Amino acid sequence: MLFYSFFKTLVGKEIAVELKNDVALTGTLHSVDQYLNVKLTDVQVVDAERYPQLGAIKNCFIRGSVVRYIQIPSADVDTELLQDACRKESAQGK
Amino acid sequence: MGLPGMGFQHPVPPPPPPPAFFPGSASLFEQLDKRVMVVLRDGRHLVGVMRSYDQFSNIVLEDTHERHFVRDIFGDISLGLYLVRGDALVLMGELDETREETPRLRRVSADEIIEAQQEASAEERQDAKLDWLFQDLS
């Protein structure tokens, strides 16, 4: 559940999601769930010329299983905290 | 004095509203009864009113149309009531109706889009044929 908790701290931040079908979308992270399905608001398609059919989308739900990458602004991530949390969680698992 | 029923206290508070979302669907609750466009894994686009969903993001779409895009035109073909299995779903978005038609994307009738699609696929076949001829020559 580490990454679920992590993404919950990013709600309201601007992120970019690249899907397995090569479409990339940017938007404000609205919500995330345990499957890492994400909801974005104020969606913009990165290559709008290539995907005109997605131009009319305001906000969207993206299924976690089709996501390839999520880009997050590095200023919003405390990597030390994330490492600590990871170690804590793996220690708990033992 | 007063109107009949005045001063009457409801004996029990009204029941709490049902839970707003299933755990693990990033709350599709807000999209219920909205017109949405769904992109499927095979690249198809469905437009319909989202009536129901569950924790696997299976969804029910009412008054569904399949939206075909051919170059700078698009058209909707009516399908009816659809249940989309969650694992076929890539993306589901609410549509901004003011942005559906743009100078670069014009809406046409179902018949026109079918015709345009047939033309496009015929062209593609022709191109494939030319490729083969070229290979034979070399």
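Quick note on labels: first sequence line is chain A, next is B, and so on, each numbered from 1. All of these numbers come straight from a predicted model, not from anything done at the bench.
The contact between Asn59(A) and chain B is made by backbone and side chain atoms together, counting heavy-atom distances below 4.5 Å. Heavy-atom distances place the side chain of Phe69(B), and not its backbone, under 4.5 Å from chain A. With a 4.5 angstrom heavy-atom cutoff, Leu36(A) does not touch chain B via any of its atoms. Leu95(B) touches chain A through backbone and side chain together, each having a heavy atom under 4.5 Å away. Looking at Met92(B), both its backbone and its side chain come within 4.5 Å of chain A, counting heavy atoms on both sides. Proximity to chain B (any heavy atom under 4.5 Å) is restricted, for Leu19(A), to the side chain, taken from C-beta onward.
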**OP:** Might you work through the salt bridge (charged side-chain N to carboxylate O under 4.0 Å, His left out) test for Asp76(B) and Arg107(B), ending with a clear yes or no?
**Re:** CA-CA 8 Å; Asp76(B) 290 347; Arg107(B) 186 196 291 272; 3.4 Å; yes
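With contacts defined as side-chain heavy-atom distances shorter than 4.5 Å, the pair Val84(B)/Leu40(B) qualifies. In this structure the side chain of Asp76(A) reaches within 4.5 angstrom of the side chain of Leu10(A), judged on heavy atoms. Inter-residue side-chain proximity for Glu94(B) and Arg35(B) is flagged as unmet; no heavy-atom pair is nearer than 4.5 Å.
For the pair Lys58(A) (side chain) and Glu97(B) (backbone), a donor-acceptor distance under 3.5 Å is absent.
Comparing Gly55(A), Cys60(A), Ser65(A), Pro52(A) by heavy-atom pairs within less than 4.5 Å of chain B, the highest count is held by Cys60(A).
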